[in-house]
Every structure is written in C-alpha cells, then in structure tokens.
S.K.: 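Submitted below is the structure of interest, expressed as structure tokens.
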Amino acid sequence: MASRFNALKADAHWQQVWDEARTFAADDHSAKPKTYVLEMFPYPSGKIHMGHVRNYTMGDVLARYRRMTGHEVLHPMGWDAFGMPAENAAMEKKVHPGTWTRANIATMKAQLKRLGFALDWTRELATCEPDYYGHEQALFLNFYRSGLVYRKESAVNWDPVDMTVLANEQVIDGRGWRSGALVEKRKLSQWFLKITQFADELLDGLGSLEHWPDKVRLMQENWIGKSQGLQFRFALSDGGSVEVFTTRPDTMFGASFVAVAADHPIAQAVAAGNPDAAAFIERCKQGGTTAAELETQEKLGFDTGLTATHPFGAGELPVYIANFVLMDYGTGAVFGVPAHDQRDFDFATKYALPIRRVVSDGDKTDADFAEAEAWTGPGTLVNSHFLDGMDVEDAKRAVIARAEDGGWGKGSTVYRLRDWGVSRQRYWGTPIPIIHCQSCGEVAVPREQLPVTLPEDVTFDVPGNPLDRHPTWKHVACPQCGGEALRDTDTLDTFADSSWYFIRFASQPDDRPFDRAVAESWLPVAQYIGGVEHAILHLLYARFWTRALRHVGLIDLAEPFTGLFTQGMVTHETYKAADGRWLAPEDVRDGVEIAGGGPVTVGRVEKMSKSKKNTVDPEPIVDQYGADAVRWFMLSDSPPERDLEWSENGIEGAWRFVQRLWRLFDGEAAGDQAATGSDAALDRKLHQTIAGVGADIEALSFNKAVAKLYELTSAIEKAAPSASRDTAIATLMRLVAPMVPHIAEEAWAARAQGGLIADAAWPAVDPAMLVEDEVTIAIQVNGKLRETLTLAKGLPKDEVEAAALAVDKIVRALDGKPPRKVIVVPDRLVNVVL
RNA sequence: GCGGACGUGGCGGAAUCGGUAGACGCUGGAGACUUAAAAUCUUCUGCCCAUGGCGUGCGGGUUCGAGUCCCGCCGUCCGCACCA
C-alpha cells in the first residue's frame with residue numbers, strides 16, 4: 001500500500017545529503033564541458049519573497065538539467081549586500097547596518113536552502129565584506145591608473161534635510177522620497193567611470209547577443225542613444241560664437257532661429273546684464289519634470305537680441321534662450337528648422353518666425369505645405385541652393401563635407417549615454433580608495449594598504465554621511481609625501497558591486513580579484529536569469545565593467561552574459577475592506593474579513609507588494625506543502641517571461657501532482673510484481689516526453705515541460721502493468737528530477753538505483769521509439785474539418801486520397817460530382833475542394 | 001509623442017514549418033468509493049437556434065487551407081521622453 005510522500009522529512013534529509021556530499025560544488029579542473037548558470041543575486045532585505053523563489057527555481061531546473069546532461073555546472077549564490085535599506089534600518093532601529101545585513105543573509109540563506117537549490121555554497125560571497133570590496137577597490141584603482149576614472153564637478157540632487165545625494169529615482173515630484181524636502185541642485189566633486197568611452201562597443205556588442213530578449217537590447221540601444229550629425233559654430237553679432245549640434249544638416253537652409261539652453265553660458269551672460277532674461281531663465285528652471293508636464297509644456301523663448309550668421313550666407317538668425325533646449329545633450333544649443341521639426345514648428349508659430357520648406361516629399365507644393373505640422377520624413381531638397389535636388393541622406397553628407405572643407409564644422413556623433421557618476425555620500429558601500437593630499441592632490445591608496453575598510457564605530461543619529469563626520473577615519477598620512485591628508489569619504493554606487501560579482505564567483509583567490517585563466521574557463525555566463533527591471537542599468541554597467549577589465553588587460557572577454565532571460569513577476573489578487581484598508585490574503589476567507597466578518601472587495605491582480613498587502617510569504621508555504629510542490633507550481637502554467645498569479649488552488653494542484661508521482665514511484669518500489677511484456681504506445685510516449693522535456697528546459701519553456709510531464713504521468717497511470725511501464729516509471733524519476741529533486745531522490749534511493757539522482761544521467765532518447773506507425777489524418781471539405789481517419793504512416797498520396805473520398809460525409813458532400821481539386825498533405829490531411 | 005510587446009474558453013495557457021484550435025493545469029458539473037467527510041478514482045466542461053452552424057480583439061486581403069502571412073483599425077501592458 002502506497003504511503004504518502006512526507007515532504008518535510010524528505011526535503012531536510014536530501015538537503016543534508018547534498019550539503020555533506022558537496023554535490024553541487026563546481027570543479028574548476030573538471031574535464032567535462034563547463035557551463036555557468038546564474039540568477040541575479042538578491043539584496044538581503046530580510047526574507048525571501050516569491051519572486052526570488054520563482055527566479056531561483058528556474059535557474060535551478062536548468063542547472064540540474066545541465067548537470068544531468070554531462071556538464072560541469074557553476075551555479076553560485078551570494079549577496080548584493082551594500083545599500084541604503086541597511087542605513088535606513090540603522091536610523092530607524094538603531095542597529096548597525098552590518099549587523100542587520102548579516103542577520104538578513106543568515107535568514108535568507110536558510111530559506112533558500114529549504115527550497116533545495118543546487119547551489120555551490122562554497123563560493124558564497126557578500127559584497128559588504130572586505131574580502132569582496134577590497135578587490136573591487138583594486139579594480140577601481142586599476143581603472144583609475146588606466147584613465148577610465150576621473151573626477152569632476154557635477155550637479156547632483158541634494159536633499160537638504162537628510163544631507164545626502166539622491167539618485168534621480170529617489171526624487172519624486174522634486175522632493176526627497178524620505179524627507180519630503182525640496183531637492184536642490186548642488187555642485188559636488190564626483191568620481192566618474194568613463195562608460196562613454198565604450199559607447200560604440202556597447203552598442204555594437206548588442207548585435208552579438210542573440211540570446212538576449214530583443215526588448216532588452218532595444219532598451220539598451222535607446223539608452224545609449226547614438227546620433228550622428230554635424231557640429232559647428234555660428235558666429236554671433238557680439239563677436240562671440242555658439243556651437244550647435246544637428247542630426248539634420250541637410251535642412252540648413254530652412255533654419256530660422258538659434259536657441260540655447262537656459263543654463264548655457266551664453267544665456268547666463270545675457271542674464272547678467274538683463275533682468276528680464278534672468279527672470280525667464282528662472283522660470284525655465286521651475287518647470288515641472290514629470291512626463292505629463294513636459295508633454296503639455298508650452299515652448300517658450302526669450303529673444304536675446306543677438307543674431308547668428310548663417311554659415312552659407314543665408315542671412316542672420318535671431319538667438320533665443322529656450323526652455324526646450326537641454327544643456328546636457330549635444331552642445332546645449334540648436335538651430336531651429338520649423339518646417340522639419342515639430343518643436344521648432346511650435347516655437348516658430350508662437351514667435352512668428354519664418355517657416356521655410358527645404359525638403360519636399362514629392363506630392364506637396366509650397367502652397368499646401370506645413371500649415372499644421374512639420375514634415376520629418378524623407379524627400380528631395382528644395383530652396384537650398386547647392387543642395388537642391390539631392391535626397392536627404394546625400395544632402396547631409398554634402399553639408400558635412402563642405403563644413404569640414406571650410407574648417408567651420410565637422411561630422412560628429414553624440415550619445416545620450418552619460419558617464420557613470422559613482423560617488424555616493426553614504427556609509428554602507430565600498431569606500432573609494434583615494435586620498436586627497438594638500439600638496440600631492442589625488443593619491444591612489446597603495447595596493448598593500450587595501451582594503452580600505454569601513455569603520456565599525458559609526459553613528460546614524462543625525463543626517464549626513466557618517467564616514468565624513470567620523471572623528472578619525474578620514475585622517476591619514478599621504479602615501480606619497482607622508483603629510484596630513486584626507487580619505488575620500490564617499491562610497492561607490494552599489495551598481496559597481498554587482499558589475500563583476502559573476503567573475504568573482506568563477507574565481508576567488510585571496511590576493512587578487514580573480515584568476516584570469518580560471519575565470520575565463522567559466523565565463524561568459526551561459527544563462528543569466530533575473531528581473532526585467534535590471535534591463536538597462538545593471539546589465540549595461542556589468543557589460544561596461546567587463547569591457548573595462550579587458551581594456552586594462554585583466555580578462556579576455558567582451559560580453560559577460562551570453563544568454564539572458566527576464567522572468568515575469570509573481571502576482572496575487574488584492575483585497576480591500578469596506579473602509580478602504582488593504583487586506584492580506586490570510587485575513588480573508590470566503591469573501592469576508594476573518595476578523596469581524598466585514599465584506600471584502602476583490603481588486604486587481606497585481607505584483608506582490610507590501611503596500612498592497614498581497615504578498616504570500618514562501619516560508620509557511622514550504623512548511624505546508626514541501627519544496628517540491630512550491631517549485632512545481634512556480635514552473636507550471638504561466639510562461640516564465642510572463643507574470644505568474646499565485647493562487648491557493650494552484651499550489652494545491654502542484655501538491656496533488658507530487659502525491660500522484662509518489663503513488664507511482666512508491667507503488668513500484670514497494671515490490672509490485674515485476675511485470676513483463678512491452679507496451680509500444682507507452683514506450684513511444686516516454687521517448688517523446690524525454691525529447692520534448694529536454695528541449696523545453698533548454699528553451700526555458702518550463703510550463704510546456706510541465707504539461708508534457710503531466711501527460712506522461714497520466715499515460716503511465718492508465719497503462720496496464722508491463723516491463724515498459726516499469727521502465728517508464730524509473731525514467732520519469734529522472735525526468736522530474738530537475739524540477740522536484742527531493743521526491744526524485746527519495747524514489748531513486750527506494751529503488752536502490754545507486755548514487756544520487758542529481759548525479760544521474762538524463763535519459764537517452766531512442767529515435768526508433770519515436771516513430772509512429774499510424775497517423776490521424778484530417779479530412780476537410782473546403783478547408784473545414786469533416787472527419788478524421790487513422791491510417792498507416794507513410795501511405796502513398798493516391799491511397800490516402802482514395803480513403804478520404806470513400807468517407808461517408810465526403811461522398812454526401814460531393815453528391816455525385818467530382819471534386820474540383822484534392823490537396824493531400826502526407827500524414828497530415830486531405831482537403832477536398834468542391 | 002516615440003519605441004516595443006501582447007490580445008485564443010469561466011481562468012492560466014498550448015498549437016515549433018500556413019495543415020485536426022483549445023494540449024496541460026485550475027475552476028465547475030455528474031458519478032464511484034464512504035455511515036459521513038476528506039483523499040482518491042471515473043467522466044463531462046468553447047459558444048449556439050446541434051445530423052448542423054459559429055468561433056483565436058475588430059474590418060479587409062493572400063491561400064485549397066490563416067491563431068500563424070499582408071494591409072488598416074481598436075484595446076491592454078511595458079520602456080523612454082522637449083535627445084536637436
């Protein structure tokens with residue numbers, strides 16, 4: 001009699017076995033082909049959530065499958081452990097960020113272990129430990145010596161209450177997200193990494209990333225934002241000049257004004273002697289920054305009274321200060337061509353500037369042109385002297401050539417991408433290993449003095465940077481002259497920490513960041529899995545860091561991640577009480593609030609979030625159903641790139657399936673009579689499933705693999721006892737092992753197969769077993785299904801046609817007349833055309 | 001505004017090359033077992049005016065045949081955003 005599968009007992013047992021045997025420790029010296037499977041490492045915020053469970057389950061199935069197919073798999077885990085939440089906790093709970101972080105790591109590690117992930121814990125790392133960030137400091141200094149790091153004054157978002165710099169994402173409607181204070185623009189000396197030096201490489205490299213989602217590649221492409229055009233100077237009526245950039249040099253003869261940004265030096269100079277101009281600039285700065293405001297904001301300008309001389313002698317253009325020109329893109333100045341740019345059109349309309357058409361799209365004449373909007377498409381140049389008759393692209397080249405010949409301008413490329421500002425006025429990050437000396441200037445901390453460690457005795461009772469106000473930490477002797485000097489009290493952006501952790505996982509010597517040969521033997525990461533929210537920043541920074549390492553000669557690797565997969569979120573229904581309070585799922589039963597019995601409104605299905613209270617904590621779920629059921633549910637139903645809705649029924653269903661498996665496995669092991677005889681249909685089903693599930697896992701189509709395994713399970717359940725059935729059950733153990741490893745080990749052991757199923761080989765497909773001897777053929781009339789026939793596979797066309805035409809319904813449909821046409825697709829269908 | 005993705009039963013979804021739409025799961029119905037319940041098993045479950053007809057957001061088109069290809073709409077979601 002089959003017993004129930006005791007998941008809690010089996011989970012704990014097999015997790016301990018794997019741990020003790022170091023089953024999933026990756027061997028650097030293995031002769032097997034190596035493969036690196038990686039999920040984005042978590043921030044240790046407290047407890048794991050369902051999103052982690054889904055992410056890591058997907059990676060785990062792939063890692064376990066690759067092991068079974070003969071690969072040496074590197075599948076590590078660690079902690080992205082620096083960051084603001086730890087400092088916030090320090091302020092709110094009076095606990096040291098390190099204490100808080102390490103406690104969270106311990107909790108979350110225990111939770112991850114309970115899910116039975118095939119992780120190499122021997123390589124665990126936390127970015128907040130000196131044995132990680134010290135090496136990061138060494139890499140930073142390496143970049144510094146190679147000219148990839150520089151320091152410059154730059155405007156930052158400054159929260160005057162918290163006394164700290166805020167990232168753009170932390171500024172909400174112009175106010176600090178925590179303090180609510182109006183954010184100021186402040187000039188601060190900041191460290192920058194020269195990501196723009198690699199802009200072209202990073203853009204071109206996207207083309208080689210075939211196994212990345214198109215969406216992510218496109219987002220990165222847009223983020224890099226390459227534009228090619230002409231950069232040149234206008235001579236100004238006051239004797240000065242202004243440099244502009246344009247992607248449309250072909251429309252030069254349509255120019256009717258020049259506009260500069262409000263914070264452009266020319267605007268500033270004008271404002272100095274003109275209160276109206278100063279007032280206008282002030283007004284520009286007050287403009288809202290939200291999408292909606294920008295969309296509706298009127299194009300405003302202030303006529304400086306200056307004029308700019310057209311380089312081709314086509315007159316003088318008025319120079320405006322305009323609110324729609326951005327200082328930090330291009331040169332902060334543009335020339336306006338109202339006929340062929342919508343913003344310029346709006347502006348010219350408002351200020352009654354000429355609208356001169358210079359590109360004709362063929363149909364339209366001057367008369368019916370451009371009363372309402374600018375023409376930005378292709379066409380033939382008109383009203384443009386030497387450009388007349390050229391198409392847009394030829395005209396661009398012609399103007400750039402003339403500018404370069406004449407020495408007043410040159411073809412140039414502009415990127416939207418900015419250099420990466422990495423200075424943060426925070427405690428809980430990697431200290432920037434630079435010393436500022438009165439006499440020597442910036443001095444790199446010598447290698448033997450690394451790591452520059454964080455002081456432990458810091459306070460968070462007042463706002464500001466604890467490193468900066470620490471009584472002694474920043475005071476050091478200058479490594480060069482020995483005189484009094486100060487440490488840089490900023491720490492690195494935490495995106496730096498996550499820009500190379502995957503290399504440190506591959507190789508972690510004590511005395512250097514990584515061993516080149518070992519790292520190169522694992523990298524690039526074959527499959528990287530994580531949330532789409534990292535599509536731009538993290539993935540771009542990691543790609544940059546890798547190229548920078550290559551640039552300084554530390555590794556021969558262009559792209560860190562060959563394959564990228566962005567998984568969907570875990571969602572749940574939301575619940576609201578009559579008074580508008582959000583309710584947690586566990587507070588609701590049968591449509592009423594458990595406490596008090598008040599009515600509950602079921603709201604939208606949304607991403608699990610604390611604010612909507614629709615989270616489900618994985619831990620009690622694992623307690624109740626076991627790791628395998630949770631894993632199985634995470635893989636079922638929804639395609640992995642889409643959102644997965646958590647539901648009670650769903651996890652129940654997964655749990656039922658685990659028990660179904662157990663009835664098969666246990667019944668077999670319990671010594672049901674060894675059956676004899678073969679079952680050709682079941683053999684075929686089995687081998688089709690082996691092939692299909694393997695392909696589905698490789699494609700990360702876990703939901704399809706799950707469906708195939710359900711089918712095979714049902715087929716085995718229904719099959720009469722036979723040797724084929726025994727084989728199918730034994731094989732099923734291995735097929736489900738990557739997904740539900742605990743029950744698979746339990747069954748494998750009970751069957752005395754020897755060794756661990758985690759080390760077993762993936763079953764081989766016997767191609768001979770895949771061959772069907774009969775096929776079902778669709779019989780259609782005019783493309784509509786009328787009947788199906790089961791015929792021998794590979795029957796000649798004429799025999800299939802004859803069989804189809806003999807079918808009752810077809811005879812009736814033909815009504816004695818010959819068909820106009822009969823289409824026969826071998827082994828597929830017959831379509832009778834009347 | 002620009003760019004992208006998606007739209008299939010009550011729900012999540014499947015259909016790899018243009019060839020039987022709705023696999024598989026969930027929900028729901030009926031039945032078996034049981035004193036009863038749970039568990040389990042069997043069976044049904046796209047819609048309708050049902051020997052047939054209609055069905056993959058809507059309208060056209062190509063084709064012997066369209067969820068799949070083409071054209072034009074509508075809707076939802078995501079990303080970027082005055083980018084010169």
Side-chain angles (χ1 to χ4, degrees), chain A residues 2 4 213-219 221-223 225-227 229-230 244-248 251 259 261 287 289-299 322-326 328-337 341-344 346-347 414-416 532-533 535-536 605 632-633 636-639 641-645 647-654 656-657 659-660 663 692 695-696 699 701 703-714 717-718 776-789 809 812 819-825 827-834:
Chain A
R4 256 194 185 192
D214 290 344
K215 176 185 174 163
V216 174
R217 291 196 288 182
L218 195 72
M219 281 163 73
E221 191 181 317
N222 292 339
W223 188 262
K226 181 176 183 172
S227 300
L230 171 69
V244 300
F245 173 76
T246 179
T247 55
R248 295 294 305 271
T251 62
T289 50
T290 66
E293 281 169 315
L294 284 175
E295 187 56 36
T296 53
Q297 204 166 57
E298 204 178 354
K299 307 285 176 273
N323 66 344
F324 65 87
V325 181
L326 304 175
D328 55 1
Y329 183 80
T331 61
V334 298
F335 70 84
V337 183
D341 181 282
Q342 191 57 43
R343 274 168 326 172
D344 297 347
D346 296 343
F347 190 80
V414 162
Y415 298 89
R416 205 190 79 106
V532 74
E533 67 273 19
I536 298 175
V605 174
W632 186 257
F633 178 61
S636 305
D637 294 348
S638 287
E641 69 278 9
R642 284 200 220 163
D643 291 351
L644 171 72
E645 187 187 345
S647 73
E648 197 68 22
N649 288 328
I651 183 67
E652 291 277 355
R656 274 202 298 275
F657 178 70
Q659 296 301 335
R660 268 171 80 191
R663 282 192 292 277
D696 287 340
S701 298
N703 57 321
K704 295 188 211 168
V706 161
K708 289 186 175 80
L709 289 166
Y710 270 117
E711 285 190 54
L712 177 62
T713 303
S714 295
E717 285 169 341
K718 291 192 172 82
T776 306
I777 293 194
I779 311 300
Q780 302 178 332
V781 173
N782 291 339
K784 286 189 192 303
L785 184 71
R786 282 295 174 271
E787 190 73 86
T788 58
L789 284 182
K809 283 182 183 173
R812 255 184 285 145
R820 274 209 311 166
K821 199 172 175 183
V822 180
I823 311 278
V824 181
V825 181
D827 296 339
R828 277 263 178 200
L829 62 75
V830 178
N831 187 12
V832 180
V833 186
L834 298 182

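To find a chain, count down the sequence lines: A is the first, B the second, and so on, and within it residues start at 1.
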S.K.: Whole angstroms only, please: what is the CG-C1' distance between Asp341(A) and G1(B)?
M.R.: 12 Å
S.K.: Any base atoms under 4.0 Å from Val833(A), or only sugar-phosphate, or nothing? Heavy atoms, all strands.
M.R.: sugar-phosphate
S.K.: Taking any heavy-atom pair under 4.0 Å as a contact, classify Thr331(A): base, sugar-phosphate, or nothing.
M.R.: nothing
S.K.: How long is the straight-line distance from CD1 of Ile536(A) back to CG of Asn222(A), given to the nearest 0.5 Å?
M.R.: 8.0 Å
S.K.: Say we look at G9(B) and G57(B): how far apart would their P atoms be, to the nearest angstrom?
M.R.: 8 Å
S.K.: Just checking, is any N or O donor in the side chain of Ser714(A) or Arg660(A) under 3.5 Å from an acceptor N or O on the other one?
M.R.: yes
S.K.: With rounding to the nearest 0.5 angstrom, report the OG1 to CZ distance, Thr776(A) to Arg828(A).
M.R.: 11.0 Å
S.K.: Between A84(B), G65(B), U40(B), which one does the side chain of Arg663(A) approach most closely?
M.R.: U40(B)
S.K.: Could you walk me through whether Asp637(A) and Asn703(A) pass side-chain contact (heavy atoms from CB on, under 4.5 Å), step by step?
M.R.: CA-CA 5 Å; Asp637(A) 294 348; Asn703(A) 57 321; 5.8 Å; no
S.K.: Under 4.0 Å from OP1 or OP2 of G13(B): is there any side-chain N or O of Arg642(A) that close?
M.R.: yes
S.K.: Mind checking if Val337(A) touches a base, just sugar-phosphate, or nothing, with heavy atoms under 4.0 Å?
M.R.: nothing
S.K.: Please classify the glycosidic conformation of G18(B) as syn (within 90° of 0) or anti (everything else).
M.R.: anti
S.K.: In whole angstrom, give me the gap between the C1' atoms of G13(B) and C6(B).
M.R.: 14 Å
S.K.: Distance check needed: C82(B) P versus Phe245(A) CZ, whole Å only.
M.R.: 17 Å
S.K.: Nearest whole Å is fine: how far is G12(B) P from Asp643(A) CG?
M.R.: 12 Å
S.K.: Taking U68(B) as the reference, what is the distance to U8(B) when you measure between their P atoms (whole Å, please)?
M.R.: 13 Å
S.K.: Ile823(A) CD1 to U63(B) C1': how many Å, rounded?
M.R.: 10 Å
S.K.: Quick one: Lys226(A) NZ to A84(B) P, roughly how many Å, whole number?
M.R.: 14 Å
S.K.: So how far is it from Asn323(A) CG to Phe347(A) CZ, rounded to the nearest 0.5 Å?
M.R.: 8.0 Å
S.K.: Are the aromatic rings of Tyr710(A) and Trp632(A) close, with centres under 6.0 Å apart?
M.R.: yes
S.K.: To the nearest 0.5 Å, what is the distance between NZ on Lys809(A) and CD on Glu787(A)?
M.R.: 5.0 Å
S.K.: Compare the minimum distances between each of A14(B), U20(B), A84(B) and the side chain of Arg828(A), then state the nucleotide with the smallest one.
M.R.: U20(B)
S.K.: What integer number of Å spans the P atoms of G3(B) and G72(B)?
M.R.: 14 Å
S.K.: C70(B): syn or anti, with syn meaning chi within 90° of zero?
M.R.: anti
S.K.: Report yes if at least one side-chain N or O of Lys704(A) is closer than 4.0 Å to OP1 or OP2 of A15(B); otherwise report no.
M.R.: yes
S.K.: The test is side-chain contact (heavy atoms from CB on, under 4.5 Å); show your working for Phe633(A) and Val706(A) and say whether it passes.
M.R.: CA-CA 9 Å; Phe633(A) 178 61; Val706(A) 161; over 6 Å; no
S.K.: Under a 90° cut-off about 0 for the syn range, is A50(B) syn or anti?
M.R.: syn
S.K.: Could you measure between the two P atoms, the one in U45(B) and the one in C77(B), and give it in whole Å?
M.R.: 35 Å
S.K.: Within this structure, what is the CG-CZ distance for the pair Asn782(A) and Arg820(A), rounded to the nearest 0.5 Å?
M.R.: 8.0 Å
S.K.: When you get a sec, tell me which of U42(B), G19(B), C82(B) is the closest nucleotide to the side chain of Lys718(A)?
M.R.: U42(B)
S.K.: Does a nitrogen or oxygen in the side chain of Thr247(A) sit under 4.0 Å from OP1 or OP2 of C83(B)?
M.R.: no
S.K.: For the pair Val334(A) and Phe245(A), evaluate side-chain contact (heavy atoms from CB on, under 4.5 Å) and give the outcome as yes or no after the intermediate values.
M.R.: CA-CA 6 Å; Val334(A) 298; Phe245(A) 173 76; over 6 Å; no
S.K.: On RNA chain B, does the nearest nucleotide to Val532(A) precede the nearest nucleotide to Leu326(A) from the 5' side, or the other way round? Give the residue.
M.R.: Val532(A)
S.K.: Nearest heavy atom decides the nucleotide; on that basis, is Arg248(A) or Trp223(A) closer to the 5' end of RNA chain B?
M.R.: Trp223(A)
S.K.: When the distance from CG of Leu644(A) to P of C11(B) is rounded to whole Å, what number comes out?
M.R.: 17 Å
S.K.: Can you tell whether the side chains of Lys708(A) and Asp696(A) come within less than 4.0 Å, N to carboxylate O?
M.R.: yes
S.K.: In whole angstrom, what separates Lys809(A)'s NZ from G52(B)'s C1'?
M.R.: 10 Å
S.K.: OP1 or OP2 of U51(B) versus the side-chain N and O atoms of Arg786(A): is any pair under 4.0 Å?
M.R.: no
S.K.: How does protein contact run along nucleotides 24-30 of chain B, one letter per nucleotide 5' to 3', with B for base contact, S for sugar-phosphate only, - for none, heavy atoms under 4.0 Å?
M.R.: SSSS---
S.K.: Check whether any side-chain nitrogen or oxygen of Arg812(A) sits under 4.0 Å from OP1 or OP2 of U51(B), and answer yes or no.
M.R.: no
S.K.: Rounding to the closest angstrom, what is the interatomic distance between G28(B) and G10(B) at atom C1'?
M.R.: 9 Å
S.K.: Show, in sequence, the C-alpha distance, side-chain angles and deciding distance for Lys215(A) and Leu218(A), and conclude whether the side-chain contact (heavy atoms from CB on, under 4.5 Å) test is met.
M.R.: CA-CA 5 Å; Lys215(A) 176 185 174 163; Leu218(A) 195 72; 5.8 Å; no
S.K.: Between U42(B) and G7(B), how far apart are the two C1' atoms, rounded to whole Å?
M.R.: 37 Å
S.K.: Any idea which of G65(B), G12(B), G13(B) is nearest the Asn831(A) side chain?
M.R.: G65(B)
S.K.: With respect to the phosphate group of G12(B), does any side-chain polar atom (N or O) of Asn703(A) fall under 4.0 Å of OP1 or OP2?
M.R.: no
S.K.: How many whole angstroms separate atom CD of Glu221(A) from atom C1' of G3(B)?
M.R.: 10 Å
S.K.: Is RNA chain B part of any stem, that is, at least 3 consecutive Watson-Crick or G-U pairs with both distances under 3.5 Å, and where?
M.R.: B:1-7 with B:74-80, B:10-12 with B:24-26, B:28-32 with B:40-44, B:46-48 with B:52-54, B:57-61 with B:69-73
S.K.: Could you state the interatomic distance from CG (Asn831(A)) to CG (Leu785(A)), rounded to the nearest 0.5 Å?
M.R.: 10.5 Å
S.K.: Within less than 4.0 Å of OP1 or OP2 of C64(B), is there a side-chain N or O belonging to Lys821(A)?
M.R.: yes
S.K.: Can you tell me, in whole Å, how much space there is between the C1' of C48(B) and that of U43(B)?
M.R.: 24 Å
S.K.: Under 4.0 Å, counting only non-hydrogen atoms across every strand here, what does Leu829(A) touch: a base, just sugar-phosphate, or nothing?
M.R.: base
